[in-house]
There are 2 protein chains.
Amino acid sequence: MKLTSSEENYIKAVYHLRGDQRLVSTNELAELLATRPASVTDMLKKLRTKKLLQYERYQGFKLSAEGKKMALGIIRRHRLWESFLSEKLRFNWDQVHDVAEQLEHIRSSLLIDRLDEFLGFPRFDPHGDPIPDPQGKMQVSRHLPLDECPLLTFAIVSHVTNQSNQMLEILGHHRIAIGTKLEVRRKFHYDHSLEIRIRNQPAIVISEQVARNIHVKPV
Amino acid sequence: MKLTSSEENYIKAVYHLRGDQRLVSTNELAELLATRPASVTDMLKKLRTKKLLQYERYQGFKLSAEGKKMALGIIRRHRLWESFLSEKLRFNWDQVHDVAEQLEHIRSSLLIDRLDEFLGFPRFDPHGDPIPDPQGKMQVSRHLPLDECPLLTFAIVSHVTNQSNQMLEILGHHRIAIGTKLEVRRKFHYDHSLEIRIRNQPAIVISEQVARNIHVKPV
DNA sequence: AAAATATTTTAGATTAGCCTAAATTATATT
DNA sequence: AATATAATTTAGGCTAATCTAAAATATTTT
Ligand SMILES: [Mn+2]
Ligand SMILES: [Mn+2]
Ligand SMILES: [Mn+2]
Ligand SMILES: [Mn+2]
């Protein structure tokens, strides 16, 4: 079955709301896609007809097995393209997403299989997210929020959950980016703030709120 | 100015009908795009509004300077992607076109400039067609129909004009493909047939009709 | 120069995807 | 349990891109 780009974007968004495991609501999806609830309802009916999700009006919806398979296919393409842009075309980690958002919709199994091979069958994308294989299987990513990271262990920043300008401002200030290698030196129990060190730079303190949004992979 | 995929396909098709040099007719364009003349008229009005072509009803149309620039940008993207698919992903020359037809519409100047660099700034695509540079300039391609090729000069097959099954049957029989290196040994004036030789294989004779549809680049 | 034919345009539909505003249904509060 | 509020759906419109059939215009033939 071939889907339009719009249908693919909806399916992928439902998956990102964990719609393979739980009921998702119309408003949640509208919010994530920056669209209107009425538009979501329209699309839900269409996707239900195509048997990609189970949906009863006013009751929420979740992906069918087929829908989940589709979602993983789209995510596979997205993350492979992100890897390509990062590895081969020297894109920064914050430049890859928007272009991959378009590239993911190009349908050609030859293309995506050859791309996978060309990249050496990568298991993770530049953000540290796992890349599904052709069957939809993926490795569990070993990254975790910085506030759960063991003390005195080197780790590499793999993902930033909140990408608001305010957050990026803090990150920029502390010179923290995807790929930055750091170490948690100490945890303050009073406010759960953390003292961390980047390479040879002086130690800095960040709040729990910031730490929760920085994901790292221990090395 | 940003165009839709559909607008881009129309602009490119007008260019391929030499619409930068001459007046093109509605039916010609409809034929090339496998669409209806009425649809072409609709689009012509839209593209005229965007000043991409000059068009007066019943009088035909041609590209404006701006339209030509757009066309060359699209062709640049198309041919760079074809080169990528061929060089890096081991696509055959007859597999690249359809995928490039989609990839060409992805808009990101960073993407296309980096791709160009990654490929080593190629001047010709896998079909031997020249790739416009960022300013729209391209080298004149040196390929010509086999029946006009000088005698006893090695040349490489760069393009096959007629790709009907009948033609492909003949080519397959003689083991002629894009990239095949050959030499014209003799021209028979009686029926304009040619004797050619591929590498160390025994010489073969092909008709004028076949020769006209095989394009080569002398080396 | 008429008539016949071919080309092109217009008129009017259709579909996908989106929207706003109003109506409906579910959930929370009193 | 009734009322208020929140979530969701429906109704009705809009635009882009396509189509068919009919009308208009241009071109060719007699
Ligand atoms: Mn997308
Ligand atoms: Mn990613
Ligand atoms: Mn195209
Ligand atoms: Mn080509």
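Only this structure's heavy atoms are used, side chains among them; waters, hydrogens and symmetry mates stay out. Each chain gets a letter, A, B and so on, in the order its sequence line appears, and its residues count up from 1.
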TODO: Determine whether the side chains of A/Ser164 and A/Asn162 contain a donor N or O and an acceptor N or O closer than 3.5 Å.
DONE: yes
Task: Candidate pair B/Glu104 and B/Arg79, rule salt bridge (charged side-chain N to carboxylate O under 4.0 Å, His left out), full reasoning - done: CA-CA 8 Å; B/Glu104 70 187 2; B/Arg79 292 181 180 165; over 6 Å; no
Task: side-chain N/O B/Thr35 vs D/dC19 OP1/OP2, d < 4.0 Å - done: yes
Open item on the list: With a 4.0 Å cutoff (strictly under), does any side-chain N or O of A/Arg36 reach OP1 or OP2 of D/dT8?
Closed with: no
- [ ] Report yes or no: is there a donor-acceptor pair, N or O only, under 3.5 Å between the side chain of B/Tyr58 and the base of C/dT7?
- [x] no
Task: Separation of atom CG in B/Leu33 from atom C1' in D/dC19, rounded to whole Å - done: 15 Å
Open item on the list: At less than 4.0 Å, is any side-chain N or O atom of A/Thr26 found next to OP1 or OP2 of D/dA7? Yes or no.
Closed with: no
Open item on the list: What is the separation between atom CG on A/Asp42 and atom P on C/dT20, rounded to the nearest whole Å?
Closed with: 13 Å
Task: A/Thr41 side chain near D/dT9 phosphate (N/O to OP1/OP2, under 4.0 Å) - done: yes
TODO: May I ask you to verify if any side-chain N or O of B/Arg57 is less than 4.0 angstrom from the OP1 or OP2 atom of C/dT7?
DONE: no
Task: Nearest listed nucleotide, side chain of A/Ala38, among C/dT20, C/dC18, D/dA21 - done: C/dT20
Open item on the list: Cation-pi check for B/Phe124 against B/Lys217: NZ or CZ below 6.0 Å from the six-membered ring centre and within 45 degrees of the axis, yes or no?
Closed with: yes
Open item on the list: OP1 or OP2 of D/dT18 versus the side-chain N and O atoms of B/Ser6: is any pair under 4.0 Å?
Closed with: yes
Task: Whole-Å gap separating C1' (D/dT8) and CG (A/Leu23) - done: 14 Å
TODO: Look at B/Gln59 and D/dA26 and indicate whether a side-chain polar atom (N or O) is within less than 4.0 Å of OP1 or OP2.
DONE: yes
TODO: Please state how far atom CE in A/Met43 lies from atom P in C/dC19, giving the value in whole angstrom units.
DONE: 11 Å
Open item on the list: Below the 4.0 Å mark, does D/dT10 have OP1 or OP2 next to a side-chain nitrogen or oxygen of A/Lys45?
Closed with: yes
Task: Rounded distance in Å - CD (B/Glu31) to C1' (C/dT7) - done: 14 Å
Open item on the list: Whether B/Asn27 contacts C/dT8 is assessed here as follows: a side-chain N or O lying under 4.0 Å from the phosphate OP1 or OP2. Is that the case?
Closed with: yes
Task: Spacing of B/Leu44 atom CG relative to D/dA16 atom P, expressed in whole Å - done: 16 Å
Task: Interatomic distance, A/Glu8 CD vs C/dA16 C1' [rounded to whole Å] - done: 15 Å
TODO: Send over the distance from A/Tyr10 OH to C/dC18 C1', rounded to a whole Å.
DONE: 8 Å
- [ ] Check the side chains of B/His97 and B/His78 for a donor-acceptor pair under 3.5 angstrom, ignoring hydrogens and angles.
- [x] yes
Task: Short side-chain to backbone donor-acceptor contact, B/Thr41 and B/Pro37, under 3.5 Å - done: yes
